[in-house]
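Here the structure comes first, spelled out in structure tokens, and everything after it is commentary.
This one's a predicted model, so the numbers in the text were calculated from it and none came from an experiment. The chains referred to below are lettered A, B, ... by the order of the sequence lines, with proteins before strands, and numbering in each begins at 1. Just so you know, these numbers use all the heavy atoms, side chains as well, and skip hydrogens, waters and symmetry mates.
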Protein chains: 2
Amino acid sequence: MAGKKGQGGIAGGRITAQDVAARAGVSIGTVSRVINSVPGVKPAIAAKVQKAIDELGWSPNLAAQTIRASSSRMIGFIFSDIRNPLYAMMTKGAEEVLSARGYLLVTASSDGQAAKEVALINLFKRRRADGMILTVEREGDAEVNQTVSRASMPYVMMERELPIGGMSVGADHYNGIRQATDYLLGLGHRRIAVITGGRGTRVARDRMRAFQDSLAARGMAPDDDLMKLDSFASEYGYRQMSVLLGMRDPPTAVLSLGVRLLPGVVSGLRNLGKSYPDDVSLICSNDTDLATMASPPITAVRYDAMALGRLAAEALLDRIGSGEALTSPLRIELATELVLRGSCRALTD
Amino acid sequence: MAGKKGQGGIAGGRITAQDVAARAGVSIGTVSRVINSVPGVKPAIAAKVQKAIDELGWSPNLAAQTIRASSSRMIGFIFSDIRNPLYAMMTKGAEEVLSARGYLLVTASSDGQAAKEVALINLFKRRRADGMILTVEREGDAEVNQTVSRASMPYVMMERELPIGGMSVGADHYNGIRQATDYLLGLGHRRIAVITGGRGTRVARDRMRAFQDSLAARGMAPDDDLMKLDSFASEYGYRQMSVLLGMRDPPTAVLSLGVRLLPGVVSGLRNLGKSYPDDVSLICSNDTDLATMASPPITAVRYDAMALGRLAAEALLDRIGSGEALTSPLRIELATELVLRGSCRALTD
DNA sequence: TTGTATGCGTTATCAG
DNA sequence: CTGATAACGCATACAA
């Protein structure tokens with residue numbers, strides 16, 4: 001029976017290399033050499049040690065290794081909310097790359113609150129993370145920026161770009177929105193509304209720049225009344241659809257930019273007894289199940305969020321390996337694609 | 001000589017309590033007392049220490065604390081894939097509870113592979129996690145079960161129940177499916193198909209038992225040809241809809257049990273040129289955006305996955321605190337609710 | 001009230 | 001080739 005206290009057979013947590021050494025009749029140094037496959041251990045001895053390890057079910061304490069190596073082989077990933085499928089995808093992509101290289105990915109939700117972002121960054125510092133991936137709420141937040149630089153740890157911004165420099169990965173929203181807008185303009189639309197959030201982030205900047213450039217190429221400019229740029233929340237999409245379609249001169253097309261926005265936008269539309277593409281054309285970003293399965297299916301600006309996670313992880317590991325300056329800038333862009341479906345109609349009047 | 005290739009002053013990672021002590025002109029013990037608010041430190045000294053801490057931007061190395069306390073204040077959560085919104089919700093719920101109590105939640109995806117499950121459990125053991133939440137693919141896997149018990153660490157099964165005992169939390173799928181089935185039977189349906197996966201798990205067992213009991217209450221029994229119980233994948237839902245609706249005597253209602261299944265089921269239906277509720281009635285589980293936004297919206301068995309995460313975290317912390325036997329059984333159930341929408345019609349023939 | 005010394009579980013550097 | 005031992009950064013019993 002496994003009844004012994006402390007260092008009994010299978011008592012897991014409390015077994016140390018010392019115990020293994022004792023059981024194998026060797027020194028603790030030899031045990032260490034065996035598990036780290038340091039060359040030059042006599043096979044017979046190694047076998048004895050391995051046997052003791054198996055019998056005791058021991059595995060080296062990673063906290064102790066962390067303390068010595070001053071590397072935890074852990075990477076932190078902070079974003080607003082894991083329930084946002086975009087972050088779930090990014091997490092999966094990053095995890096793929098990191099676990100293959102022996103790193104542990106630790107995610108944490110900040111609920112978009114700067115105070116929590118600060119607390120989490122500090123937490124990762126205390127835990128001696130080797131680096132972090134960050135999607136902060138506001139790129140300009142002074143305290144967050146200060147915390148990031150004081151953490152003196154390699155970092156990659158995800159869909160964000162900090163004024164203090166450093167690496168940034170994101171989708172090529174500029175081209176995504178240019179394509180979408182050009183497409184709508186090509187269909188004859190002239191009053192195009194934009195619903196999105198993330199003001200003051202790389203994403204929003206790129207999107208708005210693209211939108212303006214697209215219009216400018218035809219000698220047009222955005223109509224401020226059609227720009228609804230305050231939130232990514234579903235309810236926001238719902239409300240703004242009412243506002244937009246209640247206007248004297250309503251838009252003929254809507255760009256819904258942000259995954260959580262779409263359900264709100266679509267139900268807002270329905271609630272008004274309107275439908276797409278008849279009453280208004282609709283393009284969304286990113287692509288989702290809902291966009292695919294809606295009837296009619298919705299044209300979308302698509303990008304591979306998992307690839308974004310992979311890119312961020314790779315960039316981070318590169319920097320960790322290279323020892324390059326933390327703030328040395330690097331901007332990585334992932335291609336987007338306009339998936340044409342049945343949610344836009346040509347204007348003939 | 002372990003020469004100190006000192007990174008110099010402000011190099012975050014390399015600062016220790018020793019440096020703080022030196023700067024404050026006190027001993028390392030005092031520094032420790034200050035940050036742990038051990039009573040009996042002279043305010044003036046404490047202030048000096050705090051000043052040094054702030055100036056150096058030091059924070060205690062959690063790995064070192066872990067090694068001493070033999071507690072990492074870290075909890076692992078293993079499931080198949082974070083992209084499944086159910087797991088994202090559970091993660092959020094668990095994170096809420098755990099972070100409030102000073103624990104770090106670390107999630108990891110196993111892709112449903114037993115080998116990865118084993119590797120991850122061992123990883124958490126090596127990292128000296130204080131406990132883990134597990135959603136394994138097969139409850140009966142001998143190696144996984146052995147790894148769990150050898151980890152000798154408190155654990156909670158999520159939507160699973162291990163033969164080796166221990167705690168288990170899950171939704172009350174029994175009542176959920178009983179309500180759904182009774183509802184369909186009440187509408188006059190007699191040929192009801194079930195599409196789901198997770199064979200040999202608590203979830204599937206409860207669901208099938210409920211389905212059988214519901215039928216049995218009317219002197220009926222399940223028709224094996226209508227039971228499609230092999231996968232939670234979207235593609236599976238798509239294919240099985242073809243199979244089912246291509247039958248000589250097709251079902252008049254379908255239970256689509258599993259979040260990822262629904263998109264496949266709905267597009268399978270459309271692909272055949274059929275629609276609900278006219279050609280077939282439809283009930284899904286769990287509730288999702290898609291179920292809400294589909295037209296018509298789809299009746300769903302709903303449960304609060306975030307609450308499930310919270311329950312698991314609380315149960316785990318309780319057990320960690322109490323030091324009760326790891327395998328001492330405890331079964332926790334979360335209520336479900338049948339949300340009636342427009343995807344089922346009454347049979348009148 | 002504060003300082004000192006020891007131990008936590010490893011790894012790496014020495015001798016032997 | 002192997003054993004002993006000094007770090008790693010912190011907490012704490014024990015001294016002062």
Would you tabulate the side-chain donor-acceptor contacts of residues 317-327 of chain A under 3.5 Å, counting partners in other chains and residues two or more places apart, or write 'none'?
| unit_1 | atom_1 | unit_2 | atom_2 | d |
| --- | --- | --- | --- | --- |
| A:R319 | NH1 | A:A325 | O | 3.1 |
| A:R319 | NH1 | A:L326 | O | 3.3 |
| A:R319 | NH1 | A:S328 | O | 2.7 |
| A:R319 | NH2 | A:S328 | O | 3.1 |
| A:R319 | NH2 | A:S328 | OG | 3.4 |
| A:S322 | OG | A:D318 | O | 3.4 |
| A:S322 | OG | A:R319 | O | 3.3 |
| A:S322 | OG | A:E324 | N | 3.1 |
| A:E324 | OE2 | A:S328 | OG | 3.0 |

Q | B:V118 and its side-chain contact (heavy atoms from CB on, under 4.5 Å) partner, picked from B:V148, B:L123, B:V136, B:T147 | A |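 Between B:V118 and the candidates, side-chain contact (heavy atoms from CB on, under 4.5 Å) is satisfied uniquely by B:T147.
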Q: Starting at the 5' end of nucleotides 10-16 of chain D, put B wherever the base has a protein heavy atom under 4.0 Å, S where only the sugar-phosphate does, and a dash everywhere else.
A: BBBB---
Q: Report yes or no: do A:S168 and A:R202 form a side-chain donor-acceptor pair below 3.5 Å?
A: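 Distance-only check passes for A:S168 and A:R202.
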Q.
With the threshold set at under 4.0 Å for non-hydrogen atoms, list the residues of residues 40-49 of chain B touching DNA chain C in residue-number order.
A.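 Those residues whose heavy atoms fall under 4.0 Å from DNA chain C, taken from residues 40-49 of chain B in numerical order, are B:G40, B:V41, B:K42, B:I45.
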Q) Hey, what's the ring geometry for B:Y87 with B:F79, parallel, tilted or perpendicular (30° and 60° as the breaks)? A)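 Judged by the thresholds at 30° and 60°, the geometry between B:Y87 and B:F79 is parallel.
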Q. Please, which pairs that meet salt bridge (Lys or Arg N to Asp or Glu O under 4.0 Å) have at least one residue in residues 33-53 of chain B, sequence neighbours excluded?
A.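 Every pair satisfying salt bridge (Lys or Arg N to Asp or Glu O under 4.0 Å) with a residue in residues 33-53 of chain B: B:K51-B:E55.
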Q: Please identify each residue that fulfils side-chain hydrogen bond (donor to acceptor under 3.5 Å, both in side chains) with B:Q50, with sequence neighbours left out.
A: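 side-chain hydrogen bond (donor to acceptor under 3.5 Å, both in side chains) check on B:Q50 returns B:D54.
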Q | side-chain hydrogen bond (donor to acceptor under 3.5 Å, both in side chains) involving B:E139 - partner list, sequence neighbours excluded | A |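 Once residues adjacent in sequence are excluded, the partners of B:E139 under the side-chain hydrogen bond (donor to acceptor under 3.5 Å, both in side chains) criterion are B:R205.
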